[in-house]
Asks: 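To start, I am sharing the structure in question, which I have written as structure tokens.
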Protein chains: 2
Amino acid sequence: MTHTTAANDVYLQIGEAAERTGLTQRTLRYYEEKGLLKRPTRMEGGFRLYSPEDIQRIEAIKQLKELLGFSLADIKEMMDAEDIRLQIRAQWRKDADAAEKAAKIRKAREVTLHQTALLDQKMEQMAAMRNELAQRLENYDRWLREHAADAPASSTKS
Amino acid sequence: MTHTTAANDVYLQIGEAAERTGLTQRTLRYYEEKGLLKRPTRMEGGFRLYSPEDIQRIEAIKQLKELLGFSLADIKEMMDAEDIRLQIRAQWRKDADAAEKAAKIRKAREVTLHQTALLDQKMEQMAAMRNELAQRLENYDRWLREHAADAPASSTKS
DNA sequence: TTGCACCTTGACGTGCGCGTCAACGTAGCT
DNA sequence: AGCTACGTTGACGCGCACGTCAAGGTGCAA
């Protein structure tokens, strides 16, 4: 409330955007530089203004990177596919060439299919891993239960 | 069969180990240098000999890295925990101090619990993502079905 | 219009995860 | 003993994903 620019607007300057997404300003500029983010709208003087959609996109990127460990190059591919998707939705009525639309959609479908396959593979492996860990945990717990009273003279607390 | 060292033995030199695991010799040495792999047994002249267990461990590391995108530092933590686990199993009978064993086990349990939590979180997010993709796929397919006959004069095959 | 917080674009620095030589030793066949 | 493939330890290089100044412009309140 002190002197924050456009306090009631939903558009965020880079500082606020960084804070909200948990990234740094440098990172946001870097993503933009690498084509992961489109150039956001600017104020008169050139200050970046991030729309809510921009913020969403940033958080999507963050997830893909931190959660799934994809490289920025990988993510760019995905985002490009996503862009095509949105582009399709935008041009839904304007462009009348149905054949071309079908081609685009098939392309998008293919990419999406590939992504789901990758995801499925990862999830499968993770599930297997999780089972191993769970089993391990059970073993620990069982041992601790069985030997709960065996300790000779250790302090009983903690 | 040409002149491969100890062709009938299960122990592998670094070249073969690299080939089997799909990593490079440099990477294997690097992992060893970083403490991710224990120093493997050596031949007289200092050549590394990887045991089947070593190979397994290498492949575990590879999975954790490539599949889940963990950093080598993260993986080292996990492997250290795993080492403690194996150490416990090895010293099962020798060391009689039950209290100490319990402490180790509780520590290992804690680490394992943390790992499962991380995994669960990741899996949850991935499942959500997968749903989005699946929905998208459905939309594509539906569109393609609905507009299958709409195309003006496109070839009917494919 | 001055002041300060916030922003801009370079440009160089940094840690990770290796790649890539260089110089040299070893294993095993002949 | 010699040849050659395979290995050893440095040490420097590299691309990625940013971190970190530096030098300057912008926005807004006082």
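Values reported hereafter were calculated over all heavy atoms of this structure, with side chains retained and with hydrogens, waters and symmetry mates removed. Residue numbers start from 1 in every chain, and the chains themselves are labelled A, B, ... in the order their sequence lines are given, proteins ahead of strands.
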Asks: Contact class for B:Lys65 vs. all strands (heavy atom < 4.0 Å): base, sugar-phosphate, or nothing?
Replies: sugar-phosphate
Asks: Considering only C:dC7, D:dG7, D:dA11, which nucleotide approaches the side chain of A:Phe47 most closely?
Replies: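 Nearest to the side chain of A:Phe47 among the choices is C:dC7.
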Asks: Between D:dA17 atom C1' and A:Asp74 atom CG, what is the distance in whole Å?
Replies: 14 Å
Asks: For the side chain of B:Leu72, counting heavy atoms from C-beta on, which of D:dT8, C:dT9, C:dG17 is nearest?
Replies: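 Between D:dT8, C:dT9, C:dG17, the one nearest the side chain of B:Leu72 would be C:dG17.
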Asks: Does A:Tyr31 have a side-chain nitrogen or oxygen under 4.0 Å from the phosphate oxygens OP1 or OP2 of D:dA17?
Replies: no
Asks: Testing the 3.5 Å rule here: is there a donor-acceptor pair between the side chains of B:Arg136 and B:Asn139?
Replies: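 Side-chain D/A pair, B:Arg136 to B:Asn139: absent.
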Asks: Quick check on D:dG19: is either OP1 or OP2 less than 4.0 Å from any side-chain nitrogen or oxygen of A:Tyr30?
Replies: no
Asks: May I have the distance from B:Glu16 (atom CD) to C:dA27 (atom P), rounded to whole angstrom?
Replies: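 Going from CD in B:Glu16 over to P in C:dA27 covers 15 Å.
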Asks: If you pin A:Gly15 and B:Gly45 to their nearest nucleotides in DNA chain C, which one's is more 5'?
Replies: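 Counting from the 5' end, the first nearest nucleotide belongs to A:Gly15.
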Asks: Spell out yes or no: do the side chain of B:Arg26 and the base of C:dT20 have one donor N/O and one acceptor N/O closer than 3.5 Å?
Replies: yes
Asks: Between the base of D:dT8 and the side chain of B:Arg48, is there a donor and acceptor pair under 3.5 angstrom?
Replies: no
Asks: What is the distance, to the nearest angstrom, from the CZ atom on A:Arg42 to the C1' atom on C:dT9?
Replies: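 Between C1' of C:dT9 and CZ of A:Arg42: 10 Å.
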Asks: Are the side chains of A:Ile88 and A:Lys107 in touch, meaning some heavy atoms are under 4.5 Å apart?
Replies: no
Asks: Given atom CE of A:Met43 and atom P of C:dC6, what is their separation to the nearest angstrom?
Replies: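 Interatomic distance, CE of A:Met43 to P of C:dC6: 13 Å.
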Asks: Do other residues, nucleotides or ligands put more than 12 heavy atoms under 6.0 Å from B:Gln87 CD?
Replies: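 Yes, enclosed.
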Asks: With a sphere of 6.0 Å drawn around CD of A:Glu124, does it hold more than 12 non-hydrogen atoms of other residues, nucleotides or ligands?
Replies: no
Asks: Please confirm whether the shortest side-chain N or O distance from A:Ser71 to OP1 or OP2 of D:dC16 is below 4.0 Å.
Replies: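 Negative; the distance criterion is not met.
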Asks: Taking the six-membered ring of A:Phe70 as reference, does the NZ or CZ atom of A:Lys122 fall below 6.0 Å from its centre and within a 45° cone about the axis?
Replies: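 A:Lys122 over A:Phe70 ring: yes.
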Asks: Grab the CD-C1' distance between B:Gln13 and C:dA27 for me, whole Å please.
Replies: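 The answer, rounded to whole Å, is 8 Å.
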Asks: Rounded off to whole Å, could you give me the CD-to-P distance for the A:Gln25 and C:dT9 pair?
Replies: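 Rounded to the whole Å, the gap is 11 Å.
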Asks: OP1 or OP2 of C:dG19 less than 4.0 angstrom from a side-chain nitrogen or oxygen of B:Thr27, does that happen here?
Replies: yes
Asks: Rounded to whole Å, how long is the line connecting atom CZ of B:Arg29 with atom P of C:dT20?
Replies: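 Checked: the CZ to P distance equals 14 Å.
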Asks: D:dT26 P sits how many Å from A:Leu49 CG, rounded?
Replies: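 Going from CG in A:Leu49 over to P in D:dT26 covers 15 Å.
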